[in-house]
Amino acid sequence: MAVRRKRMTMNFSNRKLPAFVPVLSLMILSCAPETKAPNVLLIVVDTLRPDRMSLYGAERPTTPALDSLAGQACVFERAYSTSSWTMPAVASIMTGMYPSSHKATEISRTLAPELETLAEGFAASGFQTAAVVSHTFVDEKHGFDQGFAAFDSKNALGHEAISTEGVTDLAIARIEQFTQKRKTPFFLFVHYFDPHFNYKDHPDIDFAAPHAGRLDGKQEYGDIRAIRHSLQDDELQYLLDLYDEEIRHTDAGIGRLVAALRKHGLDEETVIVFASDHGEEFLDHGRIGHRKTLYEEVVRVPMLIRVPGGAARRVADPVSIGSLAPTIRELAGLPRNQDAVQFRSLADLVEGRATSTRGAIYLETEKTVGMVEQEVKGDDYHAIILDGWKLIEDRRSGEQELFDLSRDPLESANLASQDTARLATLKEALEVSRRLATSGQAPGRDRTLSDAEIEKLRGLGYIGD
Ligand SMILES: [Zn+2]
């Protein structure tokens, strides 16, 4: 357990020592041989709904590799994103800040260079760093390469492609490179994209039977969106079957990645962190896709952290992916980022020193300026989850929806006009959280999209005609 000893030494030296600590023990600590900090492998799977994963109780074996990892890991049963789409959510993971603060909330913006990202924290502490990403919204054009010595986005192939193999191959190649400097720990960020629409058939997985109706697995998001109001039960089930196949396929990639760690003897020196950036809606509230709302189906995410020598734990209390940055920093022995104090570390839960946590979860999404000028949309929500209740507020109209999540997890009955006392409590918490979320204002950095890029985004359905 060299890893643990190192952490204790580092934590100890970071704290103010009590006066009674004998000078001798201080000397012993400072003379202790320098042991290696743990490596960190951060895996983010795009668009992954926990309720479709066997890790979270789904009947189908969609995530056998993650299920196996959970035998040594802390699984967060109620983890939430900070938003309902890729760019702000991944930026929250990387900075430990709310979207209103990191401002990476438009395709026409970049993650501001002034922010200290996780990768920059690792680089400053002497770690080897690399990233393999598979979507343009988190690529170097959008500033997500900050702090990575090697950054690879060649697998950002769009909605039609299947990229898990390419991502996994490159990530394994990075691991092999890291082993050449065995004494220097690494931080590797791996981003998978396949569960994101378009939902593709995987011939080697038998969740989806060939479908005789309007859908045959070749439909793009726009095609499905166009017929969403007339989708029949069997058609919706077919889409879910395809989605499950994409999850299983991605899980196999994760399994191969973790096996590569094991093969190189790095398994017990590496903290493995796994999460998604947001969920996906399948007509839960009349829509398909994500980004437009803040209902549970788009904001609940899976989250798991395995530390070397860790034990299986489950945490039932709500937590946010915004906590990943401070948690990862603590687990790897990095100093806290003093500029990012909006989320607390969950290291005590991961390592079993605590079993519960309490606090509000704040969520936001916006489609204000849009990706290009003509794409101004009205959706602009924020929400708060507190003590089993949830308030969603339209930031423009002020319209409110209040849900009792413990009795109504599907958010079907809006109690805003019935329970005004509860509404007032949640509204107050929403305002406090909003102030916190906007407290770390980064300068928003606009970027200009080329005509070719606009055309490409239009082809992917991100920009309307
Ligand atoms: Zn995403």
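Every number for a ligand or one of its atoms is a count from 1 in the order of the listing. From a predicted model like this one, the values you see are computed outputs, not experimental measurements. Residue numbers start at 1 and run along the sequence shown.
When each of R395, K292, R291 is checked for a salt bridge (charged side-chain N to carboxylate O under 4.0 Å, His left out) with D380, only R395 meets the rule.
Of all N/O/S atoms in H278, NE2 sits nearest the Zn ion (ligand 1). No other N/O/S atom of D277 lies as close to the Zn ion (ligand 1) as OD2 does.
In this pair, F137 and W85 present their aromatic rings perpendicular. The plane angle is above 60°, beyond the 30 to 60° band.
Residues meeting the side chain to side chain contact (heavy atoms under 4.5 Å, CB included) test with A340, sequence neighbours left out: M97, N337. Looking at residues two or more places apart in sequence or on another chain, you find a side chain to side chain donor-acceptor pair (under 3.5 Å) between E431 and K427, R434.
Residue side and main chain included, H135 places no N/O/S atom under 2.8 Å of the Zn ion (ligand 1). At a cut-off of 2.8 Å, M87 is not counted among the residues with an N, O or S atom near the Zn ion (ligand 1).
Between Y221 and Y199, the gap from one ring centroid to the other reaches at least 6.0 Å.
Take the Zn ion (ligand 1) as the corner point: the lines to OG1 of T86 and to OD1 of D46 open at 120°, to the nearest 10 degrees.
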